[in-house]
2 protein chains.
Amino acid sequence: MPHKKKRVFFFGNGKAEGSAKMRDLLGGKGAGLHEMTRIGVPVPPGFTISTEICSYYSTHRREYPRELKAQVLGALGRMEENLGQSFGDADNPLLVSVRSGARESMPGMMDTVLNLGLNDRTVQGLIRRTNNPRFAYDSYRRFVQMYADVALGIKAKGKSESDPLEAILERKKKAVGAHFDNELSAKDLQELVSAYKSEIKARLGKDFPEDPCEQLWGAIGAVFGSWNNDRAIAYRELYKIPHNWGTAVNVQAMVFGNLGENCATGVAFTRDPASGEKRFYGEFLINAQGEDVVAGIRTPKPIVELNQALPKAAPELRRVSKLLERHYREMQDVEFTIENGKLWMLQTRNGKRTGFAAVRIAVDMVGEKIIDKREALRRIEPDQLNQLLRPIFDQRRKELAHKEGRLLAKGLPAGPGAATGRIVFHAEDAVEWKKRGERVVLCRVETSPDDIRGMDAAQGILTARGGMTSHAALVARQMGKICVAGCEALHIDYAARTLRVDHAEIKEGEWISLDGSTGEVIKGEIPTLPSEVLQVLVSRTMDGKQSKIYQHFAKLMRWADEVRVLGVRTNADQPDQAQIAKAFGSEGIGLCRTEHMFFQGDRIQAVREMILAEDETGRRRALAKLLPMQKEDFKAILTIMGGLPVTIRTLDPPLHEFLPKTDQEVIELAHVMGVPLDILRHKVNVLQEFNPMLGHRGCRLGISYPEITEMQAQAIFEAACELRRAGKNPFPEVMIPLVGSRQELREQKAIVERIARETQNSYGVKVRYLIGTMIELPRACMVADEIAEEAAFFSFGTNDLTQTCLGLSRDDAGKFLPSYVVQGLLPADPFVSIDEDGVGALMRIAVAKGRKTRKQLEMGICGEHGGDPQSIAFCHDIGLNYVSCSPYRVPIAKLAAARAVLAKNR
Amino acid sequence: MPHKKKRVFFFGNGKAEGSAKMRDLLGGKGAGLHEMTRIGVPVPPGFTISTEICSYYSTHRREYPRELKAQVLGALGRMEENLGQSFGDADNPLLVSVRSGARESMPGMMDTVLNLGLNDRTVQGLIRRTNNPRFAYDSYRRFVQMYADVALGIKAKGKSESDPLEAILERKKKAVGAHFDNELSAKDLQELVSAYKSEIKARLGKDFPEDPCEQLWGAIGAVFGSWNNDRAIAYRELYKIPHNWGTAVNVQAMVFGNLGENCATGVAFTRDPASGEKRFYGEFLINAQGEDVVAGIRTPKPIVELNQALPKAAPELRRVSKLLERHYREMQDVEFTIENGKLWMLQTRNGKRTGFAAVRIAVDMVGEKIIDKREALRRIEPDQLNQLLRPIFDQRRKELAHKEGRLLAKGLPAGPGAATGRIVFHAEDAVEWKKRGERVVLCRVETSPDDIRGMDAAQGILTARGGMTSHAALVARQMGKICVAGCEALHIDYAARTLRVDHAEIKEGEWISLDGSTGEVIKGEIPTLPSEVLQVLVSRTMDGKQSKIYQHFAKLMRWADEVRVLGVRTNADQPDQAQIAKAFGSEGIGLCRTEHMFFQGDRIQAVREMILAEDETGRRRALAKLLPMQKEDFKAILTIMGGLPVTIRTLDPPLHEFLPKTDQEVIELAHVMGVPLDILRHKVNVLQEFNPMLGHRGCRLGISYPEITEMQAQAIFEAACELRRAGKNPFPEVMIPLVGSRQELREQKAIVERIARETQNSYGVKVRYLIGTMIELPRACMVADEIAEEAAFFSFGTNDLTQTCLGLSRDDAGKFLPSYVVQGLLPADPFVSIDEDGVGALMRIAVAKGRKTRKQLEMGICGEHGGDPQSIAFCHDIGLNYVSCSPYRVPIAKLAAARAVLAKNR
């Protein structure tokens with residue numbers, strides 16, 4: 001029966017009805033208070049109203065279940081008993097704070113009321129108890145103002161009006177010649193309270209509640225109600241916190257850090273949350289309330305100075321903090337108040353940290369025997385490693401930008417890292433501006449292969465359309481570029497060279513900053529810091545021994561390598577990408593897209609000649625020009641990868657992708673190629689497709705034009721044979737894309753095998769090689785047993801498999817997919833994490849059928865999901881042999897692969 | 001061991017080594033000759049060289065297996081023995097014909113040699129035997145000319161040169177003043193033989209072979225070789241005859257129909273191949289060789305006149321023909337020769353016939369107790385019924401057009417029937433020209449919904465792009481329009497209003513004819529004949545009893561209804577379509593596409609307002625205008641279908657399909673709607689999609705804009721409630737498209753259920769209804785068990801399921817799909833017949849999972865495959881409840897459904 005259910009959980013004096021395990025019910029803050037109380041940490045007594053009440057409240061027209069009132073009053077009674085104070089008592093009044101506390105921290109999003117319980121009678125008791133009228137009236141004044149705002153809704157009514165109570169305060173300060181609040185006397189403050197109350201009465205037509213119980217229920221309702229304020233809803237949508245979780249409410253006895261010079265308030269971390277260094281870290285203010293730290297009136301002091309200021313409380317704080325870290329076996333972020341020399345803890349939680357700190361803390365804790373290696377691997381979210389590899393923002397400067405209201409919009413965090421630069425809207429401008437030494441951010445509605453050079457020149461890439469695996473996102477991650485994609489709020493005007501978000505406008509050349517790890521788009525410049533790990537690993541410009549971060553990183557990677565079962569390869573099309581991946585310990589290349597090479601230098605010219613040729617002879621002539629270039633590319637990549645497998649995919653995209661798009665470009669091309677314009681136009685038109693994703697592409701090209709496959713095979717095998725002759729041991733794996741039937745693979749395989757034979761014969765050497773296929777069509781999954789008869793390996797192309805399985809174009813899904821995820825119609829963006837019920841089910845069928853035919857069939861994944869930790873866990877579960885991901889995600893994939901093993905063995 | 005294998009099969013004098021069952025090995029002609037011999041029909045003796053030799057010959061550099069020579073000589077010996085003649089003998093020479101004969105008839109495609117065995121010595125024997133020097137030299141002259149052409153390759157070398165031997169003949173005729181060959185004397189002919197031989201020696205540098213054995217091997221090689229001539233290859237590609245079948249070679253003793261007035265030659269059918277009437281039908285020539293019938297020098301006489309001409313042989317021919325029909329239990333097509341009053345049969349085969357004849361013959365044969373009802377159903381290919389329902393070409397006039405070289409190109413036979421009219425290139429022109437009484441054929445690169453009125457006005461539709469289920473094909477079949485789609489050879493120039501095929505050009509207004517049953521596009525007008533069945537069924541303009549065809553058709557349909565298990569519904573969007581389908585006995589509507597209604601009249605205006613509205617209020621305003629129109633549509637259709645289920649699909653296509661395409665149209669629309677041009681342009685641009693097929697469509701629209709689903713549900717239920725109140729019993733089934741997850745269906749279903757409840761309450765009635773979903777995404781198949789928890793029915797949308805399963809856009813596949821089928825990469829066009837291994841495998845999974853959740857789940861198919869006999873058989877096999885197809889295919893589907901049962905029970 002609901003009215004018998006426990007809704008209120010008391011804590012105080014070493015006893016607590018809740019614990020750390022009851023986070024869902026008590027919220028993060030509540031669970032922390034109960035747990036601290038339980039293990040003997042000094043915590044002011046209080047009680048938590050469970051998160052269940054929040055849902056009840058909002059679905060029952062702001063009413064509570066019947067049993068709540070008695071339970072709250074009971075808990076209040078225990079507080080009074082515990083403290084020897086009494087709620088509403090004129091002599092020794094109990095004062096409380098009322099705070100929110102959801103399962104996940106949502107800092108600053110919901111409401112808080114402090115000093116509750118004060119009225120014209122109890123304020124006298126507070127004066128008597130503290131012997132400090134100014135403090136008492138200051139507390140009273142703050143309470144009335146806060147309560148009026150939060151519980152009574154006394155706020156500015158429009159932009160023209162300022163907050164009415166704030167206005168009264170300002171007038172008062174002016175009247176007495178005070179600059180700051182703390183220059184007001186007890187009398188001034190007392191008068192202010194009266195003035196506030198009059199204003200409230202004038203506005204609401206009723207008195208400010210003097211009854212502390214009325215105050216309490218008003219504050220509780222306000223805090224529960226604030227779960228559904230616009231800010232909180234928006235925050236939850238951004239951070240994917242379910243709306244039905246609700247918040248708990250914590251009612252706790254007040255302690256005061258502002259009673260005098262032996263009082264203080266502050267926050268502290270048990271380790272440095274930015275670097276992870278093992279040092280007590282934090283800030284405090286003497287004679288202040290917690291709110292003063294945030295208000296920015298006085299500058300907080302570093303925690304080391306607390307020793308001097310409060311030599312008795314300071315070591316106690318360190319002792320308690322250390323105790324909490326040991327207890328939670330995790331770095332803690334605590335809030336404390338020191339009242340008349342006595343330490344009180346008001347909050348503890350696992351501290352948020354940068355990726356750097358996450359790695360260092362986990363590795364250090366293994367050294368300190370607090371956790372074991374496996375736990376260290378479990379502790380680090382693979383994506384956190386991103387931070388170690390990318391430039392990052394100076395965090396304090398970024399927070400400042402937020403405070404200054406410079407956040408423009410949020411898009412998809414498509415390419416992690418921090419980028420800041422002048423905005424340009426055209427790829428050519430990016431190239432040109434970079435030449436003259438500018439740092440630029442390239443902003444496009446969406447990018448196309450034509451933009452590649454511009455993307456390469458830019459610090460970061462910002463697009464208004466496209467998802468996590470859009471062209472921009474994919475290329476950016478592969479290039480290691482910072483990218484925010486699919487930021488739908490942007491209105492780009494190419495002609496005017498401006499960007500509009502709501503009413504803000506950014507012109508070409510103005511500064512903009514992108515956080516590719518969060519998707520934030522911020523106006524203005526924010527300084528960035530480089531990644532040390534990358535410098536050590538790749539550039540070797542720093543002595544590896546000097547870099548702590550590198551050492552921790554390397555250690556973690558070793559542990560991951562010991563544990564993981566899945567192989568980790570990389571998607572790399574160019575030698576520099578292969579180099580980086582190799583440095584990160586990639587075990588081969590899982591996807592080398594030959595067509596990306598087509599855009600380099602003047603090759604596109606030969607490619608276009610090939611496409612526009614009238615017949616096979618013309619195509620062969622153009623292909624002959626491409627052959628030496630492709631061969632050199634393959635040679636360079638095969639050389640870098642040594643004896644490791646290099647999976648090379650034959651031409652995949654539809655041919656029109658290589659042709660000019662606008663009429664102007666077609667005219668220019670006709671001129672350059674010396675082809676009549678109408679013939680070129682006709683050809684370009686004929687090649688257009690309604691649904692290019694489902695069109696004439698993949699192996700369908702090689703079947704229509706076998707000479708293309710021939711040329712590519714020849715480039716691969718000539719490269720391999722030349723290396724073999726030079727004593728190397730290259731290992732190409734030729735991969736045929738978009739295969740839907742055994743016959744398609746058989747035809748293409750026959751061509752590759754013939755060229756391999758002929759080339760080896762003519763060079764007089766033997767090279768190791770395999771011929772296999774991508775599995776990226778539902779049909780391929782259904783007939784995987786037949787396909788496996790021809791294939792030496794399968795590589796799941798989960799990008800296309802997701803598009804076909806869900807009937808969802810990744811380039812078009814941006815319009816509705818985000819709201820699908822928000823509405824819970826899909827658990828996550830299927831282009832980010834494998835849709836296990838749909839795409840995953842097809843993969844399971846393909847794995848089973850493939851292995852039925854060929855027990856030792858090598859299977860991997862080369863879609864973008866190969867770098868997504870959740871998807872990697874799935875790949876581990878279904879028994880793939882390897883994942884392949886962009887070079888910068890190799891460490892992430894390794895860690896995720898190790899964690900997949902640990903998750904199974906838990 | 002291969003050299004022991006039997007390669008040569010003798011027949012003669014009542015004994016045959018082969019039989020009708022050995023068609024694959026002996027070819028159709030060969031099997032017929034053996035079988036006839038076997039059952040005592042008079043057949044000149046001979047032997048058949050098996051089809052296996054054809055493959056051997058072409059893959060072994062025109063050599064034969066070692067054992068062949070001896071087997072041929074052995075068979076030749078048996079012929080000599082049989083006839084008392086001798087090959088190469090100067091006194092009583094054996095003369096033979098050498099003819100091709102593949103498994104399927106390929107008339108006129110391969111080579112034939114007659115009178116083989118003649119030389120300067122044996123011609124004397126022939127003169128002695130026949131006492132007819134002119135006949136003997138005529139035969140000799142024909143043989144040399146034919147052999148020179150077929151076996152020696154003496155042909156015209158270019159366009160300027162005429163056939164060299166033909167030229168000699170013409171010169172001779174001129175020299176002696178003869179108009180026709182038969183005016184030449186024995187001496188003239190003898191001189192011609194000499195002149196031929198000199199020319200041959202001059203051209204080849206060697207003599208014409210005098211040795212009959214050399215002649216024989218030369219002819220055999222030529223016939224085998226002709227399997228791979230260009231004409232034969234092209235024919236096989238058009239008619240999907242596998243290249244690896246090969247032809248057999250039949251060597252048979254010559255009999256002569258040209259020895260005098262008691263000789264004749266002819267062809268006959270045991271029943272009328274056009275009407276199916278039971279009457280002996282055929283043509284003959286007195287004193288002629290078979291070739292003369294074809295040559296068209298003399299006009300053949302109708303077979304009834306044979307009685308008078310040859311009163312002894314004529315009844316024998318009828319007796320033998322009847323015997324053959326009874327023996328084969330099928331209408332036979334025979335070739336015969338009467339030599340000096342004696343009848344010889346040279347060929348028998350099942351006669352080709354029109355759809356009309358197929359139905360009549362099968363039904364009559366049941367009456368005659370030759371076959372049973374089930375066999376009758378088995379006898380008729382469902383697609384043959386098409387002919388009974390569509391206008392057809394006057395077959396003789398069409399053949400004439402072919403002979404005149406007026407065949408322009410072949411496209412996909414997308415809408416069966418015959419259409420002839422003046423060509424127009426714009427939908428508006430079609431409408432306008434029709435108004436002024438013209439019959440027009442609308443020719444487009446591809447059609448779009450904008451073209452619908454033009455398509456309706458046209459006799460036929462011709463497109464250069466798009467497959468069997470492209471917009472043009474789909475709409476055409478639904479409208480019952482003749483359509484040839486995806487005819488890639490066409491070059492359409494809209495601006496010039498011309499159509500080019502190779503070098504031929506057709507201008508607007510010129511006549512063109514389309515055979516939508518074969519895909520042929522023919523220049524000029526060809527008269528058409530109307531369908532009687534349709535007139536009786538729908539228009540009731542003819543007394544049903546008067547129409548034999550209708551009676552036979554109706555009988556066949558009754559038998560099909562008795563046998564079939566599958567239900568047959570129709571896809572109909574408009575009342576007139578529903579009416580036709582109902583007349584054909586459709587058991588409900590399986591797919592009513594609400595969006596097709598959007599293009600009628602001025603509705604598109606309201607649709608565009610809805611799409612371009614700034615917010616929900618604007619959308620609701622526009623939707624309110626559509627509501628009464630949709631309601632009236634539904635009411636009309638529900639009324640026609642009585643109590644039968646009517647499956648109505650909510651809005652499916654992406655919204656941009658309803659917007660104008662060209663800039664000019666956008667400008668006009670902006671003007672009409674009073675919307676600023678740049679805002680409209682922006683909106684149109686924003687709605688564009690890269691892959692519309694995989695975009696914002698189907699239930700995704702209803703989820704983004706629930707008010708659309710609301711309006712449609714309201715239209716459906718208001719229509720149903722009003723009918724219910726009028727005492728009718730409407731049965732709407734609301735179908736949600738493109739569902740990929742249970743949650744999507746649940747959201748949309750909740751809306752429909754709410755509206756259904758509210759509407760029924762407000763009308764105060766109850767209506768029967770179901771809510772279900774289309775299964776058209778691979779993901780839906782994978783999670784069909786979950787979806788079935790929400791769905792009362794599944795309807796497989798196999799068009800889209802094929803596109804997603806194979807990753808194949810039906811609108812883009814035209815470029816490579818035909819060659820895929822030809823190359824054997826796919827067994828058939830997957831948009832025509834369900835790809836059983838891929839799409840079918842997904843369907844099987846969905847059926848199993850769906851029934852696991854809901855044992856009685858109603859399942860059907862509403863993709864275009866629902867009208868394809870092969871796919872219908874598959875649907876029967878996997879246990880669907882019904883198929884739904886375009887109205888005109890309802891009879892076809894019924895027959896196919898019955899045949900599916902019979903195929904299983906065989």
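Chain A is the first sequence line, chain B the second, and so forth, proteins listed ahead of strands; every chain is numbered from 1. Both backbone and side-chain heavy atoms feed into the values below; hydrogens, waters and symmetry mates do not. Computed from a predicted model, the values in this text were never measured in an experiment.
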### Query
Is the shortest heavy-atom distance from the side chain of Glu786(A) to the side chain of Asp837(B) under 4.5 Å?
yes

### Arg810(A) and Phe690(B): CA distance, side-chain angles, deciding distance, side chain to side chain contact (heavy atoms under 4.5 Å, CB included) verdict
CA-CA 9 Å; Arg810(A) 66 186 183 199; Phe690(B) 297 104; over 6 Å; no

### Query
Quick one: of Gln688(B), Glu776(B), Arg746(B), His682(B), who has the most non-hydrogen atom pairs under 4.5 Å with chain A?
Gln688(B)

### Query
Between CG of Leu808(A) and OG1 of Thr804(B), what distance do you get to the nearest 0.5 Å?
11.5 Å

### Message
For a side chain to side chain contact (heavy atoms under 4.5 Å, CB included) check, start with the C-alpha distance between Gln823(A) and Glu747(B), then their side-chain angles and the critical distance, and finish with the verdict.
### Response
CA-CA 10 Å; Gln823(A) 287 182 57; Glu747(B) 291 234 345; 3.5 Å; yes

### Query
With respect to Cys805(B), which candidate in Pro778(A), Cys805(A), Cys781(A) satisfies the side-chain contact (heavy atoms from CB on, under 4.5 Å) definition?
Pro778(A)

### Task
Show your working on side chain to side chain contact (heavy atoms under 4.5 Å, CB included) between Gln743(B) and Leu826(A) and close with a plain yes or no.
CA-CA 8 Å; Gln743(B) 292 86 333; Leu826(A) 281 173; over 6 Å; no

### Query
Just how far is it from atom OG of Ser809(B) to atom CG of Leu694(A), taken to the nearest 0.5 Å?
5.5 Å

### Message
Please determine whether side chain to side chain contact (heavy atoms under 4.5 Å, CB included) holds for the pair Leu825(B) and Ile703(A), giving the CA-CA distance in whole Å, both sets of side-chain angles, and the decisive distance to 0.1 Å.
### Response
CA-CA 10 Å; Leu825(B) 294 173; Ile703(A) 283 170; 3.5 Å; yes

### Query
Is a donor on one side and an acceptor on the other found under 3.5 Å between the side chain of Asp812(B) and the backbone of Glu689(A)?
no

### Query
What residue, out of Arg700(B), Gln803(B), Lys815(B), has the most heavy-atom pairs lying under 4.5 Å from chain A?
Arg700(B)

### Query
At a heavy-atom separation under 4.5 Å, does Asp493(A) approach chain B through its side chain, its backbone, both, or neither?
neither

#### Entry: Option in Met693(B), His491(B), Glu446(B) with maximal non-hydrogen atom pairs under 4.5 Å from chain A
Met693(B)

### Task
Please say whether more than 12 non-hydrogen atoms of neighbouring residues, nucleotides or ligands are located less than 6.0 Å from CG in Asp678(B).
yes

#### Entry: Which portion of Leu817(A) sits near chain B, non-hydrogen atoms under 4.5 angstrom
neither

### Message
Only pairs of heavy atoms separated by less than 4.5 Å count here; which of Gly695(B), Gly740(B), Pro692(B) has the most with chain A?
### Response
Pro692(B)

### Query
Considering only heavy atoms, which portion of Ala841(A) lies under 4.5 Å from any heavy atom of chain B: side chain, backbone, both, or neither?
both

#### Entry: Heavy-atom pairs under 4.5 Å with chain A, option from Val783(B), Val839(B), Ile845(B), Val686(B) with the top count
Val686(B)

### Query
Relative to chain A, which segment of Ser704(B) carries a heavy atom at a distance below 4.5 Å: side chain, backbone, both, or neither?
side chain

#### Entry: Which of Leu738(A), Val445(A), Asp835(A) touches chain B most, by non-hydrogen pairs under 4.5 Å
Asp835(A)

### Task
Can you sort out the partners of Ser795(B) under side-chain hydrogen bond (donor to acceptor under 3.5 Å, both in side chains), two or more places apart, ordered by chain and number?
none

## Note on the structure
CE (Met782(A)) and CG (Leu806(B)) are apart, to the nearest 0.5 Å, by 11.5 Å

### Message
Using the side-chain hydrogen bond (donor to acceptor under 3.5 Å, both in side chains) criterion, which residues pair with Arg697(B)? Sequence neighbours excluded.
### Response
Asp652(B), Asp800(B)

